[in-house]
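The structure appears below as structure tokens.
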There are 2 protein chains.
Amino acid sequence: MTNYIDLLKNSNLKATIQRTSILQAIDQAGHINIDEIYDHVKELYPTLSLATIYKNIILMQQNGVIIEVPMNGEKSKYELKKEDHIHLICQSCGTIQDSKITPNRQKALKIENFQIKYSQINLYGLCLSCQQS
Amino acid sequence: MTNYIDLLKNSNLKATIQRTSILQAIDQAGHINIDEIYDHVKELYPTLSLATIYKNIILMQQNGVIIEVPMNGEKSKYELKKEDHIHLICQSCGTIQDSKITPNRQKALKIENFQIKYSQINLYGLCLSCQQS
DNA sequence: GTCCATGCAAACGATTTGCATGCGT
DNA sequence: ACGCATGCAAATCGTTTGCATGGAC
């Protein structure tokens, strides 16, 4: 699985144990908010402080290691940076799935007179298992 | 232009002058955050308090009169509820344009095994006039 | 050894709450 | 007249900051 140390060094950040722990928490969860990162990381490093998480989340965003996923009403979640993709958010169970932006989709989203740098697409609804229950 | 009193009554909310002022501020701006609403509304009703805005924003969201537009990094903006649409957000000048979800787009976004209730699509980039400068 | 990162506690700012009064119905 | 809405001030919560110490390079 991903080597968090290299990920940090390649982004010009020192590889501290706090940072690799935060990345691990994000990677394992897929999409996770600050408090959840704190809960997760505290088990491995009980002395890690919330302030450190806040400082590093900002830093890692600036350095392109992670990205913010603003959530309707709730606190933003974070994910490791990867290709642009769509989020499918289940309103019933809360799980978030990723879905690719296919060439077809990309074409459909093209817009005259506006040059797209990146897209942020959240589709809210019901996942398969929640549809069935 | 929209009749804010009816809009409120149809949503089972009392039509107070504070509420119509808030709706007017949102409608005129198109997309606006809490502080901007406050600045705008204070000119018409200097006694209107921030607490009232917060309370009503939550209420009007619950009653489907307005919707939240979560913004990357910044404070959420709000807009009057209307058909699902795409937001084109200029990273240079900050303006937000709306763009329709055409049948073609809708089709491209369809997803197997996920039932979409509503979509939240923000495309970040450069608007025409900022591309030119 | 140097410089940056961490962790604590204090500061700050945004949002929420409780309650007495006012207003829409 | 009734019950909800408002506005103030206080309380609360999330986030940021300053600074002394520790750790990565």
Side-chain angles (χ1 to χ4, degrees), chain A residues 3-26 32-63 65-78, chain B residues 3-26 32-63 65-78:
Chain A
N3 181 335
Y4 307 119
I5 296 180
D6 290 350
L7 188 52
L8 288 164
K9 292 194 175 169
N10 291 339
S11 304
N12 301 310
L13 294 173
K14 281 188 188 169
T16 65
I17 196 107
Q18 289 85 345
R19 287 177 181 165
T20 53
S21 307
I22 292 171
L23 287 177
Q24 191 188 49
I26 295 174
I32 189 173
N33 71 28
I34 299 267
D35 298 331
E36 291 161 349
I37 293 172
Y38 186 49
D39 290 343
H40 184 286
V41 159
K42 244 187 338 195
E43 307 212 334
L44 303 173
Y45 296 92
T47 64
L48 195 151
S49 72
L50 249 185
T52 296
I53 296 180
Y54 277 108
K55 285 170 184 165
N56 280 305
I57 288 294
I58 292 169
L59 200 71
M60 291 180 189
Q61 258 184 282
Q62 288 170 342
N63 290 50
V65 180
I66 62 175
I67 62 172
E68 181 184 0
V69 185
M71 303 287 300
N72 236 337
E74 308 164 53
K75 299 177 72 170
S76 289
K77 304 206 175 197
Y78 298 88
Chain B
N3 180 336
Y4 307 119
I5 297 180
D6 290 350
L7 188 52
L8 288 164
K9 291 194 174 167
N10 292 339
S11 304
N12 300 310
L13 294 173
K14 282 189 188 169
T16 65
I17 195 107
Q18 289 86 345
R19 286 176 183 167
T20 54
S21 308
I22 292 170
L23 287 177
Q24 190 187 48
I26 296 174
I32 190 172
N33 71 28
I34 300 267
D35 297 332
E36 291 161 348
I37 294 172
Y38 186 50
D39 290 343
H40 185 287
V41 159
K42 244 188 336 193
E43 306 211 334
L44 304 172
Y45 297 92
T47 64
L48 195 152
S49 72
L50 250 185
T52 297
I53 296 179
Y54 277 109
K55 285 170 184 165
N56 279 306
I57 288 293
I58 293 169
L59 202 70
M60 292 181 187
Q61 258 185 282
Q62 288 169 342
N63 291 50
V65 180
I66 63 175
I67 63 172
E68 181 185 0
V69 185
M71 302 287 299
N72 236 338
E74 307 165 52
K75 298 176 73 169
S76 289
K77 303 205 174 198
Y78 298 89

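Within every chain, numbering begins at 1; the chains are lettered A, B, ... in the order of the sequence lines, protein sequences first and strands thereafter. Any value given below was found using the heavy atoms of this structure, including those in side chains, with hydrogens, waters and symmetry copies removed.
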Output the rounded distance in Å from CG (B/Leu50) to P (C/dA14). 9 Å
Quick check: does any side chain N or O of B/Arg19 sit under 3.5 Å from a backbone N or O of B/Lys14, one acting as donor and the other as acceptor? yes
Please tell me which of the listed nucleotides, D/dC25, D/dC8, D/dT15, lies nearest to the side chain of B/Lys55? D/dC8
Tell me: CZ of B/Arg19 to P of C/dC23, nearest whole Å? 15 Å
Calculate, to the nearest 0.5 Å, the distance between atoms CG and CG belonging to A/Asn63 and A/Asn10 respectively. 11.5 Å
Without decimals, in angstroms, what is the distance between A/Met60 CE and C/dC4 P? 17 Å
Measuring to OP1 and OP2 of D/dG7, would you say a side-chain N or O of B/Thr47 lies under 4.0 angstrom away? yes
OP1 or OP2 of D/dG7 sitting under 4.0 Å from any side-chain N/O of B/Gln18? yes
Say whether, by atom type as modelled, one donor and one acceptor occur between the side chain of A/Asn33 and the main chain of A/Lys75 under 3.5 angstrom. no
At less than 4.0 Å, is any side-chain N or O atom of B/Lys14 found next to OP1 or OP2 of D/dT6? Yes or no. no
Are B/Thr16 and D/dA5 close enough that a side-chain N or O sits under 4.0 Å from OP1 or OP2? no
Determine the contact category for B/Leu48: base if any of its heavy atoms lies under 4.0 Å from a base atom, sugar-phosphate if only primed atoms, P, OP1 or OP2 are that close, otherwise nothing. sugar-phosphate
Contact class for B/Thr52 (heavy atom, under 4.0 Å): base, sugar-phosphate, or nothing? base
Pick base, sugar-phosphate or nothing for B/Ile58, based on heavy-atom distances below 4.0 Å to the nucleic acid. sugar-phosphate
Hey, which sits more toward the 5' end of DNA chain C by its nearest nucleotide, B/Lys9 or B/Lys75? B/Lys75
In whole angstrom, what separates A/Gln62's CD from C/dA5's P? 12 Å
As a test of understanding, state which of A/Val69, A/Ile67, A/Ile34 forms a side chain to side chain contact (heavy atoms under 4.5 Å, CB included) with A/Tyr78. A/Ile34
Report yes or no: do B/Glu68 and B/Ser76 form a side-chain donor-acceptor pair below 3.5 Å? yes
Gap between atoms OH and C1', on B/Tyr45 and C/dC23 respectively (whole Å): 14 Å
Should the side chain of B/Lys42 and the base of D/dG7 be counted as holding a donor-acceptor pair, with the cut-off at 3.5 Å? no
Looking at D/dT6, I'd like to know if its phosphate oxygens (OP1 or OP2) sit under 4.0 Å from a side-chain N or O belonging to B/Asn56. yes
